[in-house]
Amino acid sequence: MPSYTPPLRDMQFVMHEVLKVTDDFKSIPQYAEVDADTVNAVLDEAGKFAAEVTFPLNMAGDDVGCKLDAATHAVTTPPGFKDAYAKYVEGGWPALSCDPAWGGQGLPLVINQCFYEMLNSANQAWTMYPGLTHGAYAALSTHGTDEQKKTYLPKMTSGHWTGTMCLTESHCGTDLGLMRTRAEAQADDSYRITGNKIFISAGEHDMSENIVHLVLARLTDAPPGIKGVSLFIVPKFLVSADGKLGARNGIYCGGLEHKMGIHGNATAQIVIDGATGYMVGQPNKGMQAMFVMMNAARLGVGNQSLGLTEVAYQNALAYAKDRIQMRSLSGPKAKDKPADPIIVHPDVRKMLLTAKAYAEGGRALAIFCAVLLDKTHHHPDEKVRKDSDEMLSLLTPIVKAFTTDNGHIATNACLQVFGGHGFIKEWGMEQFARDNRINMISEGTNTIQSLDLLGRKVLGNNGATLKKFGKLVAQLVEEEGVNEKMAEFINPIAYLGDQMTKFTTELGFKGFQNPDEVGAAAVDYLRVAGHLVHGYFWARMAQVALREIAAGNVDPFYKAKLQTARFYFAKLFPETASLMRTARAGAKVLIDTDEALA
């Protein structure tokens with residue numbers, strides 16, 4: 001059976017020693033009194049909830065899955081899921097970072113981000129039920145009417161109602177302009193919604209009193225394509241004027257998807273049969289509201305893989321220390337045993353350190369982005385809000401794609417550490433690998449994220465935002481450039497930072513002549529950018545570790561951090577050279593292949 005220990009020490013290191021998040025809190029009036037002790041106390045309890053309440057349900061939830069009653073369209077979640085959710089609501093966890101105006105606790109979003117990393121390590125399938133609600137809450141908070149907010153947000157904040165995002169249809173995934181779901185205006189300002197959706201996570205379940213579906217649909221007179229899409233609230237149960245639940249709405253689960261992983265989450269085929277809906281935002285402007293939810297979901301999906309990377313690493317490390325197999329090539333290390341623990345073998349260490357480096361680098365990036373989100377929503381200075389939102393926009397596709405790709409690499413590497421036992425269900429490793437696989441697909445495949453990064457976020461503004469991140473790198477290089485002890489961390493990011501300008505300009509010029517060149521290079525480009533970002537945070541973490549060691553701090557945590565940073569820059573970061581070479585290879589070898597693909 002696998003185990004899980006919340007990585008509280010590393011979270012505290014990133015928040016308080018590297019990023020100094022409480023300094024940012026002091027500049028935001030509503031967070032000004034939130035200190036490190038408060039953050040640590042909340043996350044300590046959050047870690048207990050994840051490890052003690054949801055983690056024990058993970059393997060059983062995978063075995064049992066969700067059950068659909070075809071006659072009633074009701075879905076039953078795996079044993080224990082509903083009770084765990086009741087404890088989640090009772091503990092006030094849904095309200096952690098929600099607005100006090102709707103009953104929330106008003107704590108910084110970064111605390112909620114760390115909580116959700118732990119929940120995803122413990123049980124991704126369970127966590128997706130409340131997780132989707134945060135995105136729906138964000139969309140309604142930004143684009144809902146006062147009446148809609150008053151009706152739905154208090155119950156979503158308390159957790160008594162959950163939310164979904166209903167986008168995908170069987171004939172269209174990311175290309176939402178092709179959707180067919182229709183909305184017909186009614187005399188009372190409501191709409192009659194008809195259509196079908198697929199792949200709807202947490203689309204139907206028995207854990208909450210009501211489900212608030214946010215549904216994309218087309219008005220009867222809508223223009224074609226993406227410019228004709230509107231967004232609607234379509235609740236499972238209609239809500240009366242006094243806020244009480246009324247009749248069952250015409251939206252139900254027509255089937256559950258049979259999936260590779262996340263069996264404990266009800267991925268539903270949703271039938272919308274003349275359901276009553278209420279428009280969110282303006283007609284034919286639905287994507288503006290939905291993108292609030294989608295961007296939150298993209299950060300959340302990256303967080304899912306971060307959680308799985310961490311728990312896979314923890315279990316692989318424990319196994320590698322215990323499992324004996326062969327002798328070390330440099331001579332016996334466990335002379336009192338017939339063989340050495342496999343952790344002595346270099347490639348086993350490489351697999352373990354790969355997962356560790358991607359988990360800790362991903363955590364630093366995720367926490368940095370959560371602070372940007374806090375600034376975007378709540379900082380009193382408009383320029384800070386704008387700059388934070390711009391930087392977050394650049395980093396969101398990297399969080400989603402780079403972190404989930406790394407999660408795939410890491411969970412498979414950790415499975416490999418177990419050898420044949422990793423392929424056996426009882427150890428839990430194959431579930432981590434299966435559960436992670438959806439994260440590279442959902443909320444826009446990682447290719448879509450790569451096109452978004454290179455095409456829209458970088459070339460779309462002539463690299464202006466990328467240059468702003470480059471300034472962060474340059475500041476660190478200037479600060480530590482003469483420090484010989486930092487050279488092994490500073491020199492690689494300084495060199496790549498200089499290369500990125502030329503690399504980006506070259507791809508932009510080729511793309512201007514032939515747009516397929518952007519499509520051919522985008523995935524490699526995102527991975528290069530991901531390493532630049534991770535490299536920056538690993539250099540900052542090494543900087544803190546070196547300072548602590550120089551000051552006489554003998555906590556082995558800092559030595560471990562330094563060793564992991566050295567591994568990252570020596571063994572993982574150099575991937576950027578080959579990626580730039582393959583990106584520059586161009587589109588011709590992909591496009592001129594009709595005979596090969598006949």
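Salt-bridge formation is detected for the pair D387/K383: a Lys NZ or Arg NE/NH1/NH2 atom is positioned less than 4.0 Å from an Asp or Glu carboxylate oxygen.
The aromatic ring centres of F537 and F368 sit less than 6.0 Å apart. Checked against the 6.0 Å centroid criterion, the rings of Y137 and Y152 do not qualify as a close aromatic pair. Y88 has its ring centre less than 6.0 Å from the ring centre of W126. A ring-centre distance under 6.0 Å is found for H134 and Y116. Residues H531 and F402 bring their aromatic ring centres within 6.0 Å. Taking the ring centroids of F569 and W538, they lie at or beyond the 6.0 Å cut-off. The six-membered or imidazole ring of F489 lies away from that of Y568, with a centre-to-centre distance of 6.0 Å or more.
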Subject >> Candidate pair K48 and D44, rule salt bridge (charged side-chain N to carboxylate O under 4.0 Å, His left out), full reasoning >> reply: CA-CA 6 Å; K48 291 176 183 177; D44 184 61; 3.6 Å; yes
**OP:** Take E480 and N483, measure what side chain to side chain donor-acceptor pair (under 3.5 Å) needs, and give me the verdict at the end.
**Re:** CA-CA 5 Å; E480 295 286 357; N483 184 351; 3.0 Å; yes
Subject >> Worked check of side chain to side chain donor-acceptor pair (under 3.5 Å) between Q314 and E310 >> reply: CA-CA 6 Å; Q314 289 187 19; E310 174 65 34; 2.7 Å; yes
**OP:** Determine, stepwise, if the pair D35 / T38 fulfils side chain to side chain donor-acceptor pair (under 3.5 Å).
**Re:** CA-CA 5 Å; D35 58 15; T38 301; 2.7 Å; yes
Original post:
Hey, mind stepping through L308 and D435 against side chain to side chain contact (heavy atoms under 4.5 Å, CB included) and telling me if it holds?
Top reply: CA-CA 8 Å; L308 289 173; D435 284 353; 4.0 Å; yes
Original post:
Are M15 and K20 close enough, and set up right, to give a side chain to side chain contact (heavy atoms under 4.5 Å, CB included), and what steps lead you there?
Top reply: CA-CA 6 Å; M15 286 190 287; K20 295 180 169 53; over 6 Å; no
**OP:** Tell me, with the steps shown, if S208 and T162 meet side chain to side chain donor-acceptor pair (under 3.5 Å).
**Re:** CA-CA 6 Å; S208 64; T162 55; 3.0 Å; yes
Original post:
side chain to side chain contact (heavy atoms under 4.5 Å, CB included) between L562 and L546: does it pass, once the steps are laid out?
Top reply: CA-CA 7 Å; L562 207 55; L546 281 169; 3.5 Å; yes
**OP:** Mind running salt bridge (charged side-chain N to carboxylate O under 4.0 Å, His left out) on E90 and K87 for me, showing each step along the way?
**Re:** CA-CA 5 Å; E90 182 182 354; K87 292 178 182 177; over 6 Å; no
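Residues T445 and M440 are not in side-chain contact: their nearest non-hydrogen atoms beyond the backbone lie 4.5 Å or more apart. The closest side-chain heavy-atom distance from L214 to M293 is below 4.5 Å. Two residues are said to be in side-chain contact when any heavy atoms from C-beta on lie closer than 4.5 Å; I233 and V212 meet this criterion. L167 has its side chain within reach of M294: a pair of non-hydrogen atoms, C-beta onward, lies under 4.5 Å apart. Looking at heavy atoms from C-beta onward, L299 lies in side-chain contact with L392 at the 4.5 angstrom threshold. Taking 4.5 Å as the limit, every side-chain heavy atom of E575 sits out of range of all side-chain heavy atoms of V528. Within the 4.5 Å cutoff, the side chain of F432 has no heavy atoms near those of the N436 side chain. Between H378 and P29, every side-chain heavy-atom pair lies at or beyond the 4.5 Å cut-off.
Ring planes of H205 and Y129: perpendicular class, angle over 60° (limits at 30 and 60°). Using cut-offs of 30° and 60° on the angle between ring planes, the pair F49 and W93 is tilted. Using cut-offs of 30° and 60° for the angle between ring planes, the Y4 and F55 rings count as tilted.
Rounding to the nearest 0.5 Å places CG of L466 at 9.5 Å from CG of L459. To the nearest 0.5 Å, atoms CG (D405) and CD1 (I398) are separated by 12.0 Å. Rounding to the nearest 0.5 angstrom, the gap separating the CG atom in N112 from the SG atom in C98 is 7.5 Å. Between the CD atom in E45 and the CZ atom in F115 there is a gap of 10.5 Å [rounded to 0.5 Å]. Interatomic distance, NE2 of H377 versus NE2 of H379, reported as 14.5 Å (0.5 Å rounding). Put simply, CD on Q304 and OG on S121 are 11.0 Å apart, with the number rounded to the nearest 0.5 Å.
Judged by distance alone, the side chain of S388 and the main-chain N or O of T376 form no donor-acceptor pair under 3.5 Å. The closest donor-acceptor contact from the side chain of D524 to the backbone of M580 lies at 3.5 Å or more, if one exists at all. At least one donor-acceptor pair closer than 3.5 Å links the side chain of R385 to the backbone N or O of P380. Put simply, the side chain of T504 never gets that close to the backbone of T501: no donor and acceptor are under 3.5 Å apart. Distance alone, capped at 3.5 Å, places no donor-acceptor pair between the Q148 side chain and the L140 backbone. Proximity of a side-chain donor or acceptor of D374 to a complementary backbone N or O of V110 within less than 3.5 Å is detected. Side chain of N412 to backbone of H408: a donor-acceptor contact under 3.5 angstrom is found. With hydrogens and angles disregarded, no donor-acceptor distance shorter than 3.5 Å links the side chain of N446 to the backbone of Q449. Between the side chain of K400 and the backbone N or O of S442, at least one donor-acceptor pair lies under 3.5 Å. Counting only distance, with no hydrogens or angles, the side chain of N315 and the backbone of P2 share no donor-acceptor pair below 3.5 Å.
In this structure, L57 and F81 approach most closely via the heavy-atom pair O-CE1, 3.8 Å. Here the closest heavy-atom approach between residue K356 and residue E360 is recorded as NZ-OE2, 2.5 Å. Of all the heavy atoms in L454 and A522, the pair that sits closest is CD2-CA, 3.9 Å. Between G444 and R298 the shortest heavy-atom distance is CA-NH2, 4.5 Å. In plain terms, the two heavy atoms of I493 and G535 that are nearest each other are CG2-C, 3.6 Å. Summarising the geometry of G144 relative to K149, their closest heavy-atom pair is O-CE, 3.3 Å, with the distance given to 0.1 Å.
Applying the salt bridge (charged side-chain N to carboxylate O under 4.0 Å, His left out) criterion to D10, with sequence neighbours excluded, gives R363, K561.
Residues N120 and Q124 bring no donor and acceptor atom of their side chains to less than 3.5 Å of each other.
Checking Y313, Y358, F567 one by one against L353, the side-chain contact (heavy atoms from CB on, under 4.5 Å) holds for a single residue, F567. The salt bridge (Lys or Arg N to Asp or Glu O under 4.0 Å) test with K375 singles out one residue from D23, D24, D381, and that residue is D24.
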